[in-house]
Amino acid sequence: MDIKQKVKDLLKEAKEQVAATDLMHNLNQVKADYLGKKGPFSGLMRHMKDLPNEEKPTFGKAVNTAKQELKKAIEKQREVIKERQIQAKLEAETIDVTLPSRQFRLGNKHLLTQIIEHIEDLFIGMGYEIKEGPEVEIDEYNFEKLNLPKNHPARDMQDTFYITEDTLLRTHTSPVQVRTMLNNNGNKPIKIICPGIVYRRDDDDATHSHQFMQIEGLVVDEKTTMADLKGTLEIMAKELFGEQRKIRLRPDYFPFTEPSVEVDVSCHNCGGDGCHICKQTGWIEVLGAGMVNNNVLKASGYDPEKYQGFAFGVGVERLAMLKYKINDIRDFYTNDQRFNNQFK
Ligand code: PHE
């Protein structure tokens with residue numbers, strides 16, 4: 001057969017192979033097979049010696065041209081394969097915009113957090129600072145410096161969890177009063193509110209929890225009177241339960257205040273006429289308060305001849321339960337979304 005025809009046939013066959021290849025490594029193999037040293041084009045060149053001299057140059061040129069053409073075809077195919085790979089990848093990554101989306105759930109602040117922030121805002125507006133203290137407290141700050149010496153019977157009202165003989169889970173936010181007074185070295189006025197978690201050794205039920213939240217208020221200054229306390233509590237009551245609310249103070253006993261009072265707010269449900277929420281009395285007991293006991297001022301370095309103060313402590317859960325008519329305190333802690341989402 002005509003040797004030139006052989007070159008043509010070989011090129012045609014090789015090109016068909018290249019065009020049929022759609023994987024990069026197969027293409028490399030085809031290239032090596034045809035253009036390598038042991039490939040058919042090199043084989044053809046070996047026939048050159050059998051040709052008459054005058055035909056040698058044309059033949060050599062024909063083989064080289066064919067090899068060049070094949071190389072070009074291979075590079076072209078390389079581009080085609082690359083392009084196809086990109087297309088395939090894009091297709092695999094396409095997003096199906098018709099699929100239904102996942103439901104987006106936006107949470108909200110816990111009701112207790114909302115109430116704390118509300119009260120914080122109110123008091124910051126009146127020039128108070130927010131102070132926090134540790135939940136693991138020493139006996140001295142939780143009790144002793146608050147006029148509750150060891151073995152004092154009033155400790156019974158606040159049994160707690162002891163970590164050691166002298167460290168315990170705080171039973172109220174009042175130790176933050178002590179810490180703040182001590183930090184001030186007895187010679188600076190104080191206006192603080194202290195939100196936080198407190199603990200009591202109580203059996204949990206609808207109205208008791210071994211862990212709950214309080215907000216403490218403390219003012220210490222040189223001309224602080226019970227009228228300041230009453231005015232402040234009235235502002236808080238109106239802010240939380242409505243402009244129409246009134247408050248009344250009833251005598252009570254706390255070791256750390258003297259005199260001590262229990263504070264009632266006129267019922268926000270019936271306006272004071274009497275209903276099941278206020279047990280037909282028209283009044284609801286909301287918090288304890290009083291003038292800081294001289295012993296407490298002294299124990300933390302304040303001279304009672306010069307300084308007086310008032311303090312109050314309010315249960316956050318109790319406020320929330322009254323305001324939103326929640327009848328089980330455990331609802332605050334179980335994180336049922338159906339409960340939490342009601343307070344958006
Ligand atoms: N610490 C008291 C309690 O937890 C509340 C209170 C605070 C009362 C400040 C009077 C003054 O019961």
Side-chain angles (χ1 to χ4, degrees), residues 18-28 75-125 128-136 169 173 193-199 202-216 236-243 245 268-269 276-277 286 314-344:
V18 168
T21 306
D22 52 10
L23 288 174
M24 212 53 108
H25 67 269
N26 289 350
L27 185 66
N28 292 336
E75 288 323 305
K76 226 169 127 193
Q77 184 66 8
R78 201 182 289 287
E79 291 308 311
V80 171
I81 292 174
K82 252 193 221 162
E83 188 58 32
R84 265 188 219 147
Q85 280 174 343
I86 290 169
Q87 280 307 327
K89 200 165 172 219
L90 283 177
E91 262 158 48
E93 283 173 5
T94 43
I95 293 164
D96 183 353
V97 291
T98 64
L99 277 177
S101 64
R102 241 175 260 158
Q103 205 187 343
F104 180 69
R105 288 224 186 92
L106 186 61
N108 58 290
K109 281 185 185 160
H110 195 278
L111 178 57
L112 297 178
T113 308
Q114 292 182 39
I115 290 184
I116 288 171
E117 288 182 354
H118 187 176
I119 294 176
E120 283 177 352
D121 283 349
L122 173 71
F123 279 91
I124 286 170
Y128 285 64
E129 274 179 78
I130 297 170
K131 279 273 188 295
E132 286 180 352
E135 287 166 32
V136 177
L169 294 183
T173 39
I193 53 159
C194 326
I197 295 171
V198 299
Y199 302 82
D202 255 332
D203 289 328
D204 292 354
D205 62 25
T207 54
H208 295 83
S209 169
H210 64 281
Q211 176 191 318
F212 57 100
M213 301 199 80
Q214 274 191 341
I215 297 182
E216 186 91 5
M236 180 161 79
K238 286 177 189 287
E239 175 73 21
L240 290 171
F241 293 106
E243 255 324 291
R245 301 290 80 79
H268 56 290
N269 192 51
H276 69 286
I277 297 217
V286 288
V314 56
V316 183
E317 282 84 346
R318 177 153 173 79
L319 289 181
M321 288 170 85
L322 288 171
K323 188 163 176 180
Y324 296 100
K325 305 190 177 97
I326 296 160
N327 45 32
D328 195 326
I329 196 169
R330 291 165 293 198
D331 286 338
F332 292 114
Y333 316 121
T334 43
N335 266 335
D336 186 331
Q337 294 301 305
R338 290 168 302 180
F339 175 78
N340 291 352
N341 291 342
Q342 291 176 61
F343 307 105
K344 278 210 166 126

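Only a predicted model underlies this, so the values are computations on that prediction, with no experimental measurement involved. Worth knowing before you read on, the calculation uses all heavy atoms, side chains too, and leaves out hydrogens, waters and symmetry mates.
- Note that OG1 of T94 is 8.0 Å distant from CG of D96, once rounded to the nearest 0.5 Å.
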Practice item. Decide yes or no on side-chain hydrogen bond (donor to acceptor under 3.5 Å, both in side chains) for H208 and D203, but give the supporting numbers first. Key: CA-CA 7 Å; H208 295 83; D203 289 328; over 6 Å; no

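- For the side-chain hydrogen bond (donor to acceptor under 3.5 Å, both in side chains) with Y333, the qualifying choice from Q211, E317, H110 is E317, the only one to do so.
- Counting heavy atoms of neighbouring residues, nucleotides and ligands inside a 6.0 Å radius, atom NZ of K344 exceeds 12 of them.
- Contact annotation: the side chain of I215 approaches that of V316 to within less than 4.5 Å [non-hydrogen atoms, C-beta and beyond].
- The two residues I329 and S209 make their nearest non-hydrogen contact at CD1-CB, 4.1 Å.
- A320 approaches I115 most closely through the heavy-atom pair CB-CD1, 3.3 Å.
- L111 has its side chain within reach of Y324: a pair of non-hydrogen atoms, C-beta onward, lies under 4.5 Å apart.
- When all heavy atoms are compared, the tightest approach of I116 to M213 is CD1-CE, 3.5 Å.
- Interatomic distance, Q77 CD to R84 CZ, rounded to the nearest 0.5 Å: 6.0 Å.
- At a threshold of 4.5 Å between non-hydrogen side-chain atoms, the residues N269 and K325 count as touching.
- Taking CZ of F123 as the start and CD1 of I193 as the end, the distance is 6.0 Å to the nearest 0.5 Å.
- With hydrogens and angles disregarded, no donor-acceptor distance shorter than 3.5 Å links the side chain of N340 to the backbone of N108.
- Contact between R330 and D204 at its shortest, heavy atoms only, is NH1-O, 4.3 Å.
- With rounding to the nearest 0.5 angstrom, the CD atom of E135 is 4.5 Å from the CD1 atom of I197.
- Among L240, I124, I130, the single residue meeting the side-chain contact (heavy atoms from CB on, under 4.5 Å) criterion with I119 is L240.
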Review point. Checking side-chain contact (heavy atoms from CB on, under 4.5 Å) for the pair Q87/E83: CA distance, chi angles, key distance, verdict?
Key: CA-CA 6 Å; Q87 280 307 327; E83 188 58 32; 3.8 Å; yes

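- Smallest separation of non-hydrogen atoms from V314 and V286: CG2-O, 3.8 Å.
- Shown here for R245 and F241, the closest heavy-atom pair between the two residues is NH1-O, 2.8 Å.
- Environment of CG in D336: crowded, with over 12 heavy atoms of neighbouring residues, nucleotides or ligands closer than 6.0 Å.
- In E117, the CD atom is crowded: over 12 heavy atoms of neighbouring residues, nucleotides or ligands sit closer than 6.0 Å.
- You'll find the side chain of F343 stays beyond 4.5 Å of the side chain of K109, heavy atoms only.
- Rounding to the nearest 0.5 Å gives a distance of 6.5 Å between CG of L319 and CE of M236.
- Looking at heavy atoms from C-beta onward, P195 lies out of side-chain contact with T173 at the 4.5 angstrom threshold.
- Using a 4.0 Å cut-off between a side-chain N of Lys or Arg and a carboxylate O of Asp or Glu, K76 and E79 do not qualify as a salt bridge.
- Using a 4.5 Å heavy-atom threshold, the side chains of F332 and M321 count as touching.
- Contact annotation: the side chain of L27 approaches that of V18 to within less than 4.5 Å [non-hydrogen atoms, C-beta and beyond].
- Side chains of K131 and E216 form no contact here, defined as non-hydrogen atoms less than 4.5 Å apart.
- The CD atom of E120 sits 12.5 Å away from atom CD of E129, with the distance rounded to the nearest 0.5 Å.
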